[in-house]
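Quick notes on the structure that follows.
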Amino acid sequence: MPEGHTLHRLALDLTDAFAGRPVRVGSPQGRFADSAALIDGQTVLGAQAWGKHLFVEFTGERYVHIHLGLYGKLAIGTYDAADGPPAPVGQVRLRLVGPPEPAPRYADLRGATACDLWTRGQRDACVARLGPDPLRDDADPDRAWSRISRSRGPIGGLLMNQEVLAGVGNVYRAEVLFRHRIDPMRPGNTLRRAQWQAIWDDLVVLMHDGLAKNRIDTVRPEHTPEAMGRDPRRDDHGGEVYVYRRAGQPCHVCGRAIRTAELQARNLFWCPGCQRVYRPRTSLRTP
Ligand SMILES: [Zn+2]
């Protein structure tokens, strides 16, 4: 599943391709056809992401809401102004086509979990249910802290809960917990406020870096392949990481084998050396 930086990148690219222009809206596959007809030819004002939700705003306070889910893809391309956009390939739920001037751009959405035409009220209600998004300047980390500090659930699960924190997926949650040496199973309400602030500040930096480079790199300068004289990581997610999808491989910091387990139906990765099991002080008492 794409992480938040991917949705913010798409929002920037959609804005760049279509904002301020009248856009033809269609649904070659048909599932979005009735809604598409309502906004076909209207002007796109821009696109924004909140966590993993993407909104393309049209005039008249109408929003196309997109959630890619596990398999969705939104591809933005350039068409030949003389020939027009290419014939749709596969199940294209939504197609946007901009005018040939100043640049002939189109976008195809396939396989998304959600593609709906919403009012402003529906958009606002969706956003209100989401936790703060580290990639948004208007985000308030205290809203996430109020949930985390009251929860007995594991911090590894809380970071992935989009109502607690929006945009963080499996890679960033595993990596940020490693970077702060926190046991993913540690209950949220045992974290100290300063630990949460450090996690948040780190996510803001890491996710902005991911947005700028369009890949997730989380290792510190002393742990890059060049610094350590090791081979770069080979993985379709790209990027250099400490624990994500490195089960059984040696930790770049302590050398112990990275571990994996399932938590809330997603694979969790951590280092048993760097992220020691959290034991509350009360359990140290002898009976
Ligand atoms: Zn380690």
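Indexing begins at 1, ligand by ligand and atom by atom, following the structure's order. Since the model is a prediction, treat every value here as computed from it, not as a measurement.
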### Query
Are a donor atom and an acceptor atom from the side chains of Arg110 and Gln29 found within less than 3.5 Å of each other?
no

### Task
State whether Asp217 and Arg233 are salt-bridged, where the test is any N-O pair (Lys NZ or Arg NE/NH1/NH2 against Asp/Glu carboxylate O) under 4.0 Å.
no

### Task
Hey, could you give me the CZ/CD distance between Arg256 and Gln275, rounded to the nearest 0.5 Å?
11.5 Å

### Shell of protein N/O/S atoms around the Zn ion (ligand 1), taken as anything under 2.8 Å
Cys251 SG, Cys254 SG, Cys271 SG, Cys274 SG

### Task
Check the pair Leu263, Met185 against side-chain contact (heavy atoms from CB on, under 4.5 Å), reporting the backbone distance first and the verdict last.
CA-CA 9 Å; Leu263 173 65; Met185 299 309 292; 4.2 Å; yes

#### Entry: Shortest non-hydrogen contact from Ile258 toward Phe269
CG2-CB, 4.5 Å

### Query
Taking C-beta and beyond as the side chain, do His5 and Lys213 meet within less than 4.5 Å on heavy atoms?
no

